[in-house]
Amino acid sequence: GGGSSAGTPASGTGSAAAPANQTLVVDTTFNLKTVDPGRMFETTGLLIDRALYSTLLTFTGGDVKKPVPDLAESYTASPDGTTYTFKLRSDAVFSDGTPVTSADVVFSLNRVKAIAGNPSFLMAGITVTAPDASTVVLTSEKPNPSIPFIVPNPALGILNSTAVKASGGTDAEGADKNDKAETALNTASQGSGPYTLSSFSTTTQVVLEANAKYWGTKPAYSKVVLRNVAANVQKLNVTKGESQIALDLSPTQAEGMKDVQVVNGASPNVFFLFTNNDPKISATTANKDFQEAVRYGIDYDGLVALAGTGSTQAAGVIPTMFLGSLPAGSGVKRDVARAKAALARSGISNPTVDIGYPSDFASNGIAFGDLAARVQANLKEVGITVNLKGSSVQTALAEYRDGKEQMGLWFWGPDYPDPGDYLVFLPDQLVGKRAGYVKGANPALEALGEKAATTVDDAERVKLYEQIQTELNTSSPFMPLLQPAQIVVAGQSVKNVQSNAVWLATLSELG
Amino acid sequence: MTGATPVPAAEPTLLELTGVAVEYGRRGARVRAVDGVDLTVAAGEVVGLVGESGCGKSSLGRAAVGLEPLAAGSARFLGEPVTTIGRGARPGRLRRLQMVFQDPYSSLNPRRTVGDLVADGVTLGGGSRAEGRTRAAALLERVGLPASATGAYPHEFSGGQLQRIAIARTLAADPLCFVADEPISALDASAQATVANLLSGLVRDSGIGLLLVSHDLSVVRQVADRVAVMYLGRVVEVGTTEQVWSRPQHPYTQALVAAIPRPDGGGVLPADLPGDVPDPADPPSGCRFHPRCPIVEDSCRTTDPRPETVAGRQVACVVRAAPAARADA
Amino acid sequence: MEPLLRVEDLRVELPTRRGLRPAVDGLSFDVAEGEIVGIAGESGSGKTMTAMTLLGLLPHGARTSGSARFDGRELLTLGRRQLRDLRGRQIAMVSQDPSTALHPILPVGTQVTEHMRHHLGLSKSAARAEAVELLATVRIPDPERALGAYPGQFSGGMRQRIAIAVALAARPRLLLADEPTTALDVTVQAGILRLLDRLRRERGLAVLVITHDLGVMSAVADRVAVMYAGRLAESGPRAQVLATPRHPYTRGLLDALPHPEAADDPARVALRPIPGSPPSLGDVPAGCPFHPRCAFAVPACATDRPEPVPVAAGHLLACPPDPLPRDGAAPVPEGAPA
Amino acid sequence: MSSADSALPVPVGRPRTRASRRDLWRFLAKRLVAGAFLCVGITLVSFVLTQLVPGDPAAANLGNRAVEDPAAVAAFRAQYGLDKPLPVQYAVYLGKLVRGDLGESQQSHRTVKADLAEYIPATFELALFAIVLSLLVGVTLGVVAAVFRDRWPDQVLRVVSLAGVSMPTFWIALLAFFVFFYKLGWLPGGGRLGPALTPPPRTTGMFTVDAALAGQWGVLGSALEHLVLPGLVLATYTVGMLLRFTRASMLEILGNDYVRAARAKGLPERVVVVRHVLRPALISIITVAGLAFGSLLSGTVLVETIYSWPGLGQYAYTSAKNLDLPAIMGVSVVVAAVYIAINLLVDLLYGVIDPRIRLS
Amino acid sequence: MSAGSVQAATVTTPDVARAARAPWRSPLALVGLTIIVGWLVLAVLAPWAAPSDPLAQDAAILQAPSGAHWFGTDELGRDVLSRVVHGARISLPLAFVLVAASTLIGSVVGAVAGFFGRWVDSVAMRLADLVFAFPGIILALAIAAALGPQLRNAVIAVVIVSWPGYARLVRSLVLAARTSQYVVSSRLLGASGLRTLFVDVRPNIAGPVLVMSALDIGNAVLLLSGLSFLGLGAQPPTPEWGAMVAAGSQNFDRWWVGLFPGLAILTVVLAFNFVGDTLRDVLDPRTARALRE
Ligand SMILES: Nc1ncnc2c1ncn2[C@@H]1O[C@H](COP(=O)(O)OP(=O)(O)OP(=O)(O)O)[C@@H](O)[C@H]1O
Ligand SMILES: Nc1ncnc2c1ncn2[C@@H]1O[C@H](COP(=O)(O)OP(=O)(O)OP(=O)(O)O)[C@@H](O)[C@H]1O
Ligand SMILES: [Mg+2]
Ligand SMILES: [Mg+2]
């Protein structure tokens with residue numbers, strides 16, 4: 001367990017309850033292509049779809065360690081972790097008043113899979129069945145203890161299957177070509193969430209209206225306007241009361257703001273550095289001693305300071321708010337002497353390496369260029385020359401994905417709030433391969449990983465993941481750097497402001 | 001005065017234009033600015049070419065030196081055809097056929113010294129720079145400027161001086177024949193006289209042939225041996241200066257001569273030739289002058305007159321030719 | 001009675017890089033109603049500046065002195081408003097180049113009527129009617145249609161006629177014609193000269209013709225003034241000045257022209273240019289400005305400024321040596337070929 | 001008067017209406033054909049350019065995880081025709097273009113046409129506001145500068161105009177935003193409308209016009225308010241440009257004989273300046289205004305990004321960043337078409353102002 | 001006939017001489033020249049003139065201007081003054097290089113097009129049209145995006161965007177000169193077209209091209225910094241002015257971070273425009289016209 005993700009309001013909240021007819025203006029930098037859950041997997045889409053669509057389970061507030069009931073009033077897992085049975089509640093209805101049935105769930109989840117779009121990986125290896133109208137069973141090929149953490153994802157929001165089919169939607173094989181419902185879903189939502197879609201634009205603004213037929217607790221704001229605004233302007237807007245919520249301020253920007261609530265949550269994004277383990281890419285970076293030199297040469301505290309108030313050092317690759325994260329303060333500490341010794345041991349004189357990173361990209365207000373420059377400066381003190389090879393995010397991403405970078409500076413954002421999502425760093429896994437960390441690089445670690453992937457018991461899982469991370473911190477080519485702050489700034493009138501690691505904030509919970 | 005005879009072509013013909021036509025514009029809207037002109041220039045002879053603005057004098061002059069392609073006919077210099085100037089250098093044999101332009105300010109490159117400009121005539125013909133320099137100084141003196149002018153830039157000279165420099169530049173190429181397109185009309189009265197004298201002096205002294213284009217008949221008269229009068233792309237009358245000036249035959253020539261005011265203090269209003277030169281794109285049928293002609297006859301509207309000998313010179317006029325033909329018969 | 005225009009001792013100084021320099025210096029002449037007076041001289045002698053002074057259209061920073069009285073009113077001291085009321089209405093101008101003097105993109109009708117309406121307060125239709133009549137007077141065929149046409153649609157001669165119509169539109173009493181025919185063919189020039197002559201006779205229009213062409217001068221002017229470097233060289237009745245010039249400069253100008261009067265001379269006589277070139281504004285020689293180019297100059301010419309003095313009835317001459325014979329025969333300066 | 005003076009009728013150049021109308025059509029047809037070729041050239045250039053990019057549109061537009069899923073990548077490629085050889089892709093694109101189909105944007109999952117239909121009016125509204133403003137201010141001040149040539153108003157305006165063309169647009173945009181929105185609060189920051197308002201029913205897509213048409217005065221007010229800052233910022237450069245140019249062309253024309261002739265006619269100075277000088281000067285001013293419109297479009301990239309103005313500039317910027325090929329090509333085609341249209345308009349305006357062109 | 005005397009020779013004034021005298025006539029040009037020289041000196045002396053290392057992140061972040069940091073510090077605790085001063089080392093040389101490259105390329109293309117005419121001309125001018133049809137920054141955006149966000153690529157993009165202006169100018173001048181009387185008379189004397197291009201045409205083109213280059217330096221600085229502002233040019237931590245303004249814009253209320261680099265751009269561009277404008281007055285009042293043809 002780690003730091004709490006539920007922020008506390010920086011200052012006292014207003015006393016009066018928000019009138020029912022109030023409009024909430026939320027400023028955010030849009031990362032939005034669609035609100036069709038079957039295709040959506042961008043931050044802004046998640047924020048919106050969480051408000052439009054109910055899911056089987058969900059998270060409340062900032063707590064993403066514990067899935068809670070939504071459409072499913074309860075669920076049971078088989079001990080082998082392959083079968084999850086969800087019991088649907090009976091009173092849930094879609095915005096057009098029709099009840100939510102297991103058929104809708106099956107349709108919605110299968111559709112995600114069939115469309116083969118961005119979120120389809122969530123359903124990889126999972127089959128959905130509905131034994132009766134109020135029961136849904138998810139069966140995984142392999143044990144998949146992540147399922148309760150996957151289903152809250154708004155991409156797995158439950159659609160009104162009748163309505164979606166009517167507008168061309170399908171969950172059958174070939175939906176990648178045949179499903180035509182996206183346009184309709186970008187015009188009107190077909191969900192059972194607290195809000196409905198009123199107007200939609202991927203660049204300007206999205207307007208939500210309270211769902212009159214919502215079966216749960218009615219949201220406080222009758223209308224939500226999400227505007228696409230750059231972070232710097234968000235700050236001005238929220239200060240001047242032009243908006244109530246600003247979602248993208250960096251710690252630096254949020255510092256010293258007056259007359260607003262600054263909710264300083266932690267971002268689940270973990271920034272990390274890797275040295276390529278593949279000698280074909282660089283004999284230097286593949287050298288274990290060199291890797292150690294880098295690991296102890298980096299000034300983690302300095303980087304955290306750079307990232308601003310609220311950021312923390314990433315003790316391991318798993319962020320604090322997720323199950324299995326390493327305790328705060330247990331991360332690697334800078335030890336220049338040790339780093340120099342390691343470098344001497346490596347036998348490489350005057351090592352010079354290139355570092356790749358997306359130079360035109362910033363996340364949580366942190367520009368990769370600044371971080372890279374810091375890393376460069378840190379390693380120079382150790383005796384390592386680092387050449388900054390930043391390029392556009394697309395170009396850099398291509399290099400990174402092809403495993404061509406000698407050193408890389410990237411972050412991993414979770415796909416779902418479960419430690420299982422972090423096994424990608426292991427040898428021969430997604431991110432591991434990008435760092436030349438191939439099969440057989442650390443057989444013991446690989447075995448641990450396989451075990452963790454199939455373990456269902458939480459306590460057991462925590463232990464396994466801590467072990468994995470410790471090993472990663474000792475011998476892998478990865479150096480977790482930091483976890484930035486995720487800040488929600490809100491006007492005084494807004495209550496219950498919490499930052500959520502998956503969808504930024506739960507609009508329907510705001511008071 | 002007995003001189004109703006053409007100047008005997010004792011001197012060899014330098015420039016010979018036969019049936020020259022010049023056209024402008026693209027297909028569809030072609031304008032025939034010069035239409036079938038015959039003209040010769042012999043060594044030591046000044047041939048004047050006069051006519052109203054737009055009648056095609058410059059076009060003819062430019063075609064004669066190869067600056068405009070011929071739409072028909074031929075231009076020959078020393079018996080060989082004058083080729084139209086292309087991208088490469090002009091053939092060496094044509095170097096002795098030159099041209100002087102109307103505007104002395106724009107015919108000299110303002111960024112080069114007068115010495116360099118004049119020396120061009122030598123160096124471009126293969127002469128050395130040193131030769132060019134000495135020659136330039138000599139030529140400048142020949143046209144009445146101090147040799148020290150070589151170091152100066154064109155803007156330091158008056159129009160008349162510039163025109164003389166331009167002539168010196170032309171002379172550096174040792175021309176046998178040159179065309180001067182209104183060389184003096186941009187100049188002040190006294191500069192006009194200077195340049196006119198210079199030109200006729202050159203012709204007399206060096207035996208150069210000169211085709212002098214001008215709209216001012218009185219200037220031409222002063223300088224030229226023979227005069228060709230153009231009207232709307234055609235030569236309507238060619239004869240000795242004396243014939244044309246004193247006893248013009250073509251009604252257009254007559255009008256032209258009558259319109260010249262004389263600065264004698266006599267207070268005589270010159271005679272008016274009403275009307276305008278028609279649009280060359282759409283010339284009148286028959287005789288091109290007939291809409292303005294005071295002696296127009298019916299046949300003029302249909303018959304396109306060919307030059308015929310009238311009173312000892314060539315005249316393209318049906319009416320004037322008729323009595324002559326009768327007399328000849 | 002005073003003539004319509006009386007210019008006395010007019011001096012116009014123009015700003016140059018080296019300060020104010022006189023472009024016109026001590027010029028005097030009269031123009032009476034119905035009279036055509038010519039001003040002749042080489043380029044830069046100040047002819048145009050004289051005309052501009054009368055219209056109050058000198059370049060910025062110009063200074064004038066002396067006097068120019070029009071109909072008894074002093075022009076040089078008139079206020080801007082009064083000058084504007086005078087321009088076009090009392091004194092009109094026709095300038096040298098008909099292709100530039102008319103506005104290329106305004107219809108002829110507008111150009112003829114705009115000031116007519118402004119000055120005379122005519123209605124649109126009245127002005128149009130008058131314009132039609134005026135264009136007919138200057139012999140523009142189909143005046144109705146011409147009003148709607150643009151200058152570019154007319155030939156040079158026609159344009160100059162239109163320019164004259166424009167000048168006459170507000171019924172001025174004095175027309176300043178600055179080289180009205182220089183850009184035209186002789187045949188067209190003849191028509192314009194006839195037109196000017198007719199206008200003065202039919203309308204009593206006073207005309208100041210500015211030209212360097214002594215032929216033109218001889219054809220239309222009643223009286224002639226010859227200027228050199230901003231000063232008056234000689235002035236008087238046309239016949240006297242042109243047939244028996246007294247000033248060496250006038251003589252030089254005439255000699256430099258082709259000699260039509262020598263028509264019967266079989267041997268063509270070479271033209272006789274005046275040596276040298278006119279001084280530019282700012283370095284006008286002291287004394288008689290013409291003396292460096294003058295074949296008859298005496299030492300005093302280089303120092304004493306010659307003032308115009310009457311040498312015959314109405315004939316002023318600014319050349320104290322007065323070297324030329326009175327019979328009009330061309331003199332033979334020493335050194336010239338016989 | 002002598003009989004010789006009685007002029008024979010001479011043909012006045014007759015207004016060649018019929019011929020000139022036919023010429024006009026021919027001219028238009030020629031320009032349009034040339035324009036079409038230009039458009040094709042533009043698409044080719046942008047196509048080649050985007051192919052030069054080392055990145056992969058699938059990687060750019062699919063999520064982190066999806067891009068590792070061969071099925072998702074294949075689906076994406078198939079959807080956008082990226083699985084075909086390049087020349088075929090281009091040919092397919094051209095084929096669709098001819099039918100008016102610009103393809104589907106990879107970022108917005110909408111047809112590029114729909115995207116453009118939304119963004120073009122926004123940018124057009126902004127650019128139009130700016131160009132009209134620039135013309136009014138720039139031309140007026142240019143006239144003043146010319147009339148007061150070399151005197152103090154001219155000197156001051158010279159500095160003003162040079163300052164205008166020297167301002168970094170992005171900087172002045174930020175500065176104006178900071179001062180007028182944040183510090184003074186006089187004008188709203190960013191966006192096209194206040195958040196509480198819904199856009200007016202769409203007719204032209206320009207909020208001001210649509211609001212006026214619908215009689216929604218509150219919306220109109222808000223739309224106008226939102227136009228002011230970005231419009232002014234956008235206009236700084238073009239005001240400077242037009243001022244300088246107006247002055248220059250006015251001076252050129254002031255030197256003409258016909259202006260002196262107009263003064264000699266005793267016309268009031270105002271008439272001389274406006275009718276006789278400004279009008280011919282407009283011919284060249286219009287050319288420059290056309291160029292200015294082009295530079296405005298450049299400015300919109302920066303200004304729209306800063307003022308959250310959902311227009312073409314922002315769209316171009318985000319598409320370029322996301323390697324959204326159909327969108328980039330769509331924007332290029334539109335921009336080229338605008339360029340062609342503006343040139344055509346400028347040419348036609350010449351005809352309106354200048355009879356010499358109209359009649360020949 | 002008498003020998004006309006050479007008029008009192010006013011000093012010969014080829015372009016260079018006139019251009020050199022221009023600043024002394026116009027106070028604006030003098031101001032501009034002073035600013036440019038000032039910036040050049042700063043650029044050369046930056047390592048000594050700047051109070052600290054432009055990359056050193058050793059001060060507290062986002063401090064307002066003070067005695068210690070005249071222009072304050074930025075979001076990484078770097079001294080803004082030092083960064084602005086060092087920015088001159090990037091923007092100024094690049095602007096010169098850029099304009100020199102566009103001038104060279106454009107002039108050569110324009111001269112070749114004007115001289116050879118026909119299809120060469122058509123191809124070159126259609127290419128130029130193509131570039132003109134894109135608003136500068138959009139094309140630069142596409143090019144910079146295609147080549148990757150780097151200062152070098154932004155420079156290439158700006159060159160690609162700006163050469164056609166020169167090509168059109170030079171082409172129109174060559175075309176005009178080709179039919180000018182002095183070229184024709186050289187041709188008649190036996191000069192080849194190519195020779196007249198170098199001997200007669202080139203010196204007459206130099207003036208207008210110089211004017212255009214001078215006026216373009218400002219534009220180049222603007223375009224380049226605009227690209228950097230958008231993140232397509234200089235990358236962090238390079239102290240480039242446009243990128244610094246972008247960084248400053250992240251914190252509006254810390255105005256000093258963006259204000260000073262913006263002022264630097266403004267002064268440099270303004271200075272070049274002051275000089276360019278004066279040069280235009282002196283050398284070639286008609287550049288603007290020729291540009292359009
Ligand atoms: N380059 C050209 N393109 C098209 N038409 C031309 C061109 N040059 C001349 N013309 C036309 O050809 C005709 C004859 O022109 P040209 O210049 O030869 O006449 P000109 O007798 O020399 O006249 P001017 O006395 O005015 O010089 C005119 O109608 C003119 O408009
Ligand atoms: N705007 C001006 N500023 C300064 N000097 C001028 C100006 N206009 C003309 N001048 C000078 O004034 C003198 C007289 O010029 P003016 O135009 O009156 O001569 P002109 O006799 O009309 O000559 P032309 O026959 O060339 O028309 C000339 O030396 C001329 O250079
Ligand atoms: Mg001619
Ligand atoms: Mg004059």
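Below, chains carry the letters A, B, ... as their sequence lines are ordered, and counting in each starts from 1.
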### Message
Show, in sequence, the C-alpha distance, side-chain angles and deciding distance for Phe76(D) and Asp176(A), and conclude whether the side chain to side chain contact (heavy atoms under 4.5 Å, CB included) test is met.
### Response
CA-CA 9 Å; Phe76(D) 180 88; Asp176(A) 54 337; over 6 Å; no
#### Entry: Atom pair CD/CZ of Glu242(A) and Phe181(D) - distance to nearest 0.5 Å
4.0 Å
### Most chain D-contacting option - heavy-atom pairs closer than 4.5 Å, from Gln205(A), Arg227(A), Glu399(A)
Arg227(A)
### Query
Considering only heavy atoms, which portion of Thr34(A) lies under 4.5 Å from any heavy atom of chain D: side chain, backbone, both, or neither?
side chain
### Task
Tell me, out of Thr202(A), Val225(A), Asn232(A), Thr203(A), who's got the most heavy-atom pairs with chain D below 4.5 Å.
Thr203(A)
#### Entry: Atom group of Leu32(A) that falls short of 4.5 Å from chain D, counting heavy atoms
backbone
### Task
Could you grab the distance from atom CG of Asn228(A) to atom OG1 of Thr318(D), nearest 0.5 Å is fine?
9.0 Å
### Query
If you round to the nearest 0.5 Å, how far is OG of Ser108(D) from CZ of Phe30(A)?
13.0 Å
### Query
Got a sec: does the NZ of Lys183(D) have more than 12 other heavy atoms crowding it under 6.0 Å?
no
### Summary
Ranking Ser199(A), Ala116(A), Pro119(A) by heavy-atom pairs under 4.5 Å to chain D gives rank one to Ala116(A)
### Query
With a 3.5 Å cut-off and no angle check, do the side chains of Glu118(D) and Ser201(A) form a donor-acceptor pair?
yes
#### Entry: Closest heavy-atom pair and its distance - Gln107(D), Lys33(A)
O-CG, 2.7 Å
### Task
Flag the one option from Val25(A), Val233(A), Thr183(A), Val229(A) with the top tally of heavy-atom pairs under 4.5 Å to chain D.
Val233(A)
### Message
Between Thr239(A) and Tyr182(D), do the side chains contain a donor N or O and an acceptor N or O under 3.5 Å apart?
### Response
no
### Summary
When rounded to the nearest 0.5 Å, the distance separating OG of Ser308(D) from CG of Asn237(A) is 7.5 Å
